[in-house]
Novice: 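My questions will all concern the structure given below.
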Amino acid sequence: MLSDVMEDYLKTIYVLQQETGDRVGTSAIADRMDVTSPTVTSMLEKLEGRGLLDREKYNGVTLTPEGETLAIEVLRHHRLIEAFLASELDYDWTDVHEEADRLEHYISERFEQRIADVLGDPRVDPHGDPIPGADLTPPDENEGVQLSDCSIDDQVKITRVRHRTGEELQYLAEAGVTPGEEVTIVEIAPFGMITVDGPRGTQSLPEEIARLIRVAPIAELAQ
């Protein structure tokens, strides 16, 4: 049986693999989990010993099929809980992540399925992150395009906001930059700021935030 911390590592490695499409380095894991590199190295050795990841010195790690399945199961728990908290308990989208982090390790498969049934088997959580199905098939984590890759005058619908801090999510909510909203790109500054016109007027977003927002061209959605 895996500890909560081991499951957290597997989930983090899986998410980083999907974001980069490559092997995951120790420093990237340390940054995402807010721990030291030696702490990460020690845990990676344990997970490698259990056959849950493949580790190459100086070349990062990748999950084995067993490790990936376990990671996806934890991710399904996490995102279903987020959806349940927002839909049924009226949690704000800025608050669901930390609550789900606490609960994801403890729900049974029966309880997981009951949540899915109550919610109508949702495809995404409140941030637009895809919820893996009960068969634990890897979801498409890179559907759509990044807002930072759009051009001036592009009209797009926001489909996903990768998790950021509560303060950043609150800012985006107040700016009307949330999943389901439609915006038009009106300016792209040379130094990276991207300005959009949306339901709450014109908003300027740093490129590092725009890279975490995925969108779908409205013209394609209408086809």
Side-chain angles (χ1 to χ4, degrees), residues 11-25 28-29 31-32 60 62-63 68 71-72 75-76 78-80 82-83 86 92-94 96-97 100 121-133 136-223:
K11 181 182 70 174
T12 298
I13 294 168
Y14 176 81
V15 170
L16 287 170
Q17 281 185 183
Q18 298 304 306
E19 290 178 0
T20 65
D22 202 355
R23 301 178 73 88
V24 180
I29 300 170
D31 289 344
R32 186 63 58 93
T62 186
L63 297 177
E68 181 177 272
I72 293 173
L75 201 63
R76 173 171 166 80
H78 182 97
R79 291 176 178 174
L80 275 174
E82 287 193 338
D92 189 82
W93 78 327
T94 62
V96 295
H97 182 75
D121 202 19
R123 291 186 61 249
V124 297
D125 71 9
H127 309 111
D129 295 326
I131 299 174
L136 302 183
T137 298
D140 183 358
E141 295 280 349
N142 296 303
E143 186 175 0
V145 298
Q146 294 177 336
L147 181 62
S148 56
D149 290 336
C150 293
S151 302
I152 293 176
D153 293 332
D154 281 355
Q155 296 180 314
V156 298
K157 182 175 183 178
I158 297 168
T159 58
R160 182 181 186 185
V161 177
R162 290 189 183 274
H163 177 68
R164 300 292 292 177
T165 66
E167 291 80 5
E168 288 167 329
L169 290 177
Q170 185 63 43
Y171 169 78
L172 291 174
E174 292 173 354
V177 182
T178 57
E181 297 291 359
E182 297 179 358
V183 301
T184 301
I185 315 303
V186 296
E187 183 179 3
I188 301 175
F191 47 85
M193 293 293 288
I194 296 175
T195 303
V196 302
D197 185 35
R200 300 190 183 179
T202 300
Q203 308 289 339
S204 294
L205 306 172
E207 185 179 9
E208 65 180 53
I209 298 296
R211 283 199 300 268
L212 300 173
I213 298 172
R214 300 196 76 85
V215 301
I218 293 176
E220 292 183 7
L221 294 173
Q223 294 178 355

Novice: Do you know the tightest heavy-atom contact between V124 and P130?
Specialist: CG1-CA, 4.2 Å
Novice: State, to 0.1 Å, how close V183 and G198 come at their nearest heavy-atom pair, and which atoms those are.
Specialist: CG1-CA, 3.9 Å
Novice: Compare every heavy atom of R76 with every heavy atom of L136, then report the nearest pair and how far apart it is.
Specialist: CD2-CD, 4.1 Å
Novice: What's the spacing between D153 CG and D197 CG if we round to 0.5 Å?
Specialist: 11.0 Å
Novice: Do the side chains of P122 and L80 get nearer than 4.5 Å, heavy atoms only?
Specialist: yes
Novice: Considering only heavy atoms from C-beta outward, does the side chain of L172 approach that of I209 to under 4.5 Å?
Specialist: yes
Novice: Look at the side chain of R162 and the backbone N and O of R211, then say whether any donor-acceptor pair between them is shorter than 3.5 Å.
Specialist: no
Novice: Nearest 0.5 Å, what's the CZ-CG distance between R214 and D149?
Specialist: 8.0 Å
Novice: Looking at every heavy atom in both H127 and V96, which two are closest together, and how far apart are they?
Specialist: CE1-CG2, 3.7 Å
Novice: If you apply the rule side chain to side chain donor-acceptor pair (under 3.5 Å), what do you find for T94 with D92, and how did you get there?
Specialist: CA-CA 5 Å; T94 62; D92 189 82; 2.7 Å; yes
Novice: Within the distance-only criterion (no hydrogens, no angle test), does the side chain of R200 pair as donor or acceptor with the backbone N or O of A173 below 3.5 angstrom?
Specialist: yes
Novice: Mind running side-chain contact (heavy atoms from CB on, under 4.5 Å) on E141 and L75 for me, showing each step along the way?
Specialist: CA-CA 12 Å; E141 295 280 349; L75 201 63; 3.7 Å; yes
Novice: Keeping R79 on the side-chain end and I131 on the backbone end, is there a donor-acceptor pair under 3.5 Å?
Specialist: no
Novice: Rounded to the nearest 0.5 Å, what separation is found between the OG1 atom of T195 and the CG atom of L205?
Specialist: 7.5 Å
Novice: Would you say that R32 contacts V15 through its side chain, given a criterion of any heavy-atom pair below 4.5 Å between the two side chains?
Specialist: yes
Novice: Please report the interatomic distance CD1(I194) to CD1(I185), rounded to the nearest 0.5 Å.
Specialist: 6.5 Å
Novice: Looking only at non-hydrogen atoms, find the nearest pair between P179 and V161 and report the distance.
Specialist: CD-CG2, 4.1 Å
Novice: Can you measure from CG (L63) to CZ (R23) and round to the nearest 0.5 angstrom?
Specialist: 10.0 Å
Novice: Strictly distance-based, threshold 3.5 Å: is any side-chain N or O of E182 a donor or acceptor partner for the main-chain N or O of I218?
Specialist: no
Novice: Which heavy-atom pair separates Y14 from P139 by the least distance, and what is that distance?
Specialist: OH-CD, 3.6 Å
Novice: Is the backbone of P217 close enough, under 3.5 Å, to the side chain of D154 for a donor and an acceptor to pair up by distance?
Specialist: no
Novice: To the nearest 0.5 Å, how far apart are CG in D22 and CD in Q17?
Specialist: 9.0 Å
